[in-house]
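Whatever order the structure lists them in is the order used to number ligands and atoms, beginning at 1. Positions are given from 1 along the sequence.
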Amino acid sequence: MRIGELKYRDESWDYRTADTKEYTHCFHTYPAMMIPQIARRLLDSYGVEGEWLLDPYCGTGTSLVEASLFGMHSVGCDINPLVRLIATAKLTPIPLGTLDSELKKLNDTLFQVEFGVDKIPDAPIPKIPNLEYWFSQEAISYLAYLLDCIKRIEVQAVQNFIMVAFSETVREVSFTRTGGFKLHRMPAEKLENFHPDVFGIFRKKLNRNRQGLAAYLEKRRDVETSICSTNTVDGELPMPRPIGGYNLVITSPPYGDSHTTVAYGQFSRLSAEWLGLPNARKVDKLAMGGHRTGKIPAESPVSSAIEKIRSVDEKRAYEVTAFYVDLESSINSVVKTLAPRSTICYVVGNRRVKDIMLPTDEFVVATFAKHGFSHKETIVRNIPNKRMPKKNSPSNIAGRTSTTMHEEYIVICQRTDQTCP
Ligand SMILES: C[S@@+](CC[C@H](N)C(=O)[O-])C[C@H]1O[C@@H](n2cnc3c(N)ncnc32)[C@H](O)[C@@H]1O
């Protein structure tokens, strides 16, 4: 169904029944993950084997994994250290023999602890504020012991692989409520009967991920991949640059600031703290819209919506503005790394604030247009699979929720000027 000249709804992009957990895509959940089918289809249309793909907000690396299966080299950036670890593990081709021999050693050790002695050996417990609020004493000792074993693994790639399974285990055995991404403790009546089998959960994740890796190894092409911690809002991007620039961007930036949309940092915090990753508590502040401010020009596609928000809530208007200022800076930085004739595919959500819809898709088109990109098309798809809050309170009136972010926009633009990076 056509919505505008270049904007149309196409249900064939919904992938309602598709398996989104093939290959290493099964490794770890994360909020608002891109589904691999979208990246795959965009690569089929715009990718060229041997060329370079960039994902400036790569999260767990969905488009990077797909690029490696397609035969494109890739670089991904993210400010969240946990997803950098996950993306790295998903992309690393560990020989199965090496992995299996390390997994066997680890399994044997855990087996001895489970069935040999009655008490779990002491292991250093990381200094995490409020640890007992989020974990039972039993879970803490099991996790501490596991982590100690993992840290002894000498092959870095294998250690990363196992840390990813550990990270998901941390979340699952914690007292956090399931079903959301913010850190909320489960209700008291649930806590009493919550006795997760830490080693069992961990083993299940390892087995699942090992199967995913085996499938990935069969199809992965011989390409270069790299993940960096660059905050893409910050001007020059200090990351590997292919000669001539990146040819293709396939990415999904945040829908808005972490505070009022998806709290990537809160989702990752407990795992990141157990693993001792840097900035474990700072991710949401570092993310787009986290702390900056500035102005959106009157002619911007989002400015009239922001003015309407301002008329009812000045603070929300300020937060929304901060996000778009950062998104624009980030696009300005990304553009500097792109090749002439490059294509960008930004998968975005048009969220509502105070019941007012913010046309992020048009904002992306307009921002790239300033750099000589022409709008090719925008495909509107429903989100059946993504892990998103289906309800929120766009009006911020308690109890008044509405279905939100049930669709997203795949914005495709092509560079038509001849500017070299
Ligand atoms: C929608 S998620 C990406 C999900 C990813 N496509 C996947 O499949 O896992 C957006 C990501 O943007 C990252 N992010 C937010 N602000 C950023 C910034 N200024 N620079 C780089 N990454 C940023 C967040 O940490 C988050 O991981």
Side-chain angles (χ1 to χ4, degrees), residues 20-40 42 53-67 74-91 164 181 227-239 249-259 261-269 271-272 277-292 322-334 337 345-349 351 360 364 383 385-389 405 408-410:
T20 57
K21 299 291 169 196
E22 292 170 279
Y23 310 114
T24 50
H25 296 302
C26 66
F27 273 25
H28 199 294
T29 54
Y30 190 54
M33 287 168 98
M34 183 189 284
I35 62 165
Q37 284 73 15
I38 293 186
R40 200 172 297 161
L42 292 168
L53 174 136
L54 170 68
D55 185 343
Y57 332 94
C58 69
T60 61
T62 307
S63 61
L64 311 176
V65 169
E66 284 301 315
S74 67
V75 172
C77 312
D78 206 292
I79 46 146
N80 182 346
L82 183 69
V83 291
R84 294 199 299 274
L85 173 74
I86 299 168
T88 305
K90 284 165 79 169
L91 288 161
V164 168
F181 349 96
I227 307 287
C228 50
S229 59
T230 302
N231 185 331
T232 56
V233 172
D234 291 340
E236 288 293 315
L237 300 190
M239 56 191 209
V249 176
I250 299 180
T251 194
S252 51
Y255 288 117
D257 64 287
S258 296
H259 179 57
T261 52
V262 180
Y264 299 103
Q266 280 195 46
F267 178 89
S268 316
R269 199 181 91 195
S271 299
L277 299 176
N279 293 332
R281 289 192 173 221
K282 292 196 187 137
V283 171
D284 290 327
K285 259 225 151 324
L286 289 170
M288 277 187 226
H291 62 288
R292 289 153 211 261
F323 171 74
Y324 287 103
V325 167
D326 278 358
L327 182 56
E328 175 155 22
S329 302
S330 170
I331 291 175
N332 295 345
S333 322
V334 166
T337 70
C345 309
Y346 268 54
V347 183
V348 298
R351 70 179 182 127
T360 308
V364 170
I383 313 178
N385 295 322
K386 239 175 166 177
R387 200 160 166 231
M388 285 294 300
M405 299 202 271
E408 62 190 3
Y409 297 71
I410 305 168

Got an N/O contact under 3.5 Å between [X] and ligand 1?
{"X": "P31", "result": "no"}
{"X": "N231", "result": "yes"}
{"X": "T60", "result": "yes"}
{"X": "N80", "result": "no"}
{"X": "P253", "result": "no"}

Next on the checklist: Pair Y30, S268 - check side-chain hydrogen bond (donor to acceptor under 3.5 Å, both in side chains), show working.
Outcome noted: CA-CA 8 Å; Y30 190 54; S268 316; 4.8 Å; no
Item to check | Side chain proximity check, V75 to T337, heavy atoms < 4.5 angstrom | outcome: no
Item to check | side-chain contact (heavy atoms from CB on, under 4.5 Å) assessment of T232 paired with I331 | outcome: CA-CA 8 Å; T232 56; I331 291 175; over 6 Å; no
Checklist entry - Given the rule in the side-chain contact (heavy atoms from CB on, under 4.5 Å) test, do V347 and T251 qualify, once you have shown the distances and angles that lead to the verdict? => result CA-CA 6 Å; V347 183; T251 194; over 6 Å; no
Between the candidates [options], which shows the shortest non-hydrogen contact distance to [atom]?
{"atom": "atom 22 (N) of ligand 1", "options": "D284, T251, I79", "value": "I79"}
{"atom": "atom 10 (C) of ligand 1", "options": "S252, A32, P56", "value": "S252"}
{"atom": "atom 20 (N) of ligand 1", "options": "I250, T232, V262", "value": "T232"}

Does the side chain of [X] come under 3.5 Å of the side chain of [Y] through a donor N or O and an acceptor N or O?
{"X": "Y255", "Y": "E408", "value": "yes"}
{"X": "Y346", "Y": "Y57", "value": "yes"}
{"X": "D78", "Y": "Y264", "value": "no"}

Looking at ligand 1, does [X] have a heavy atom less than 4.0 Å from it?
{"X": "V347", "value": "no"}
{"X": "C58", "value": "yes"}
{"X": "P254", "value": "yes"}

Checklist entry - Is the NZ atom of K21 crowded by more than 12 outside heavy atoms at less than 6.0 Å? => result yes
Next on the checklist: Is the contact between S63 and ligand 1 made by the side chain, the backbone, both, or neither, using heavy atoms and a 4.0 Å cut-off?
Outcome noted: neither
Item to check | Side chain, backbone, both or neither: the part of Y57 lying under 4.0 Å from ligand 1 by heavy atom | outcome: both
Checklist entry - Under 3.5 Å, is there a donor-acceptor pair between the side chain of K90 and the main chain of G61? => result no
Checklist entry - Would T20 and Q37 satisfy side-chain contact (heavy atoms from CB on, under 4.5 Å), going step by step from the backbone distance to the final call? => result CA-CA 7 Å; T20 57; Q37 284 73 15; 3.7 Å; yes
Which ligand 1 atoms does [X] reach within 4.0 Å, using its non-hydrogen atoms?
{"X": "M33", "value": "7 (C), 8 (O), 9 (O)"}
{"X": "T62", "value": "7 (C), 8 (O), 9 (O)"}
{"X": "V233", "value": "19 (N)"}

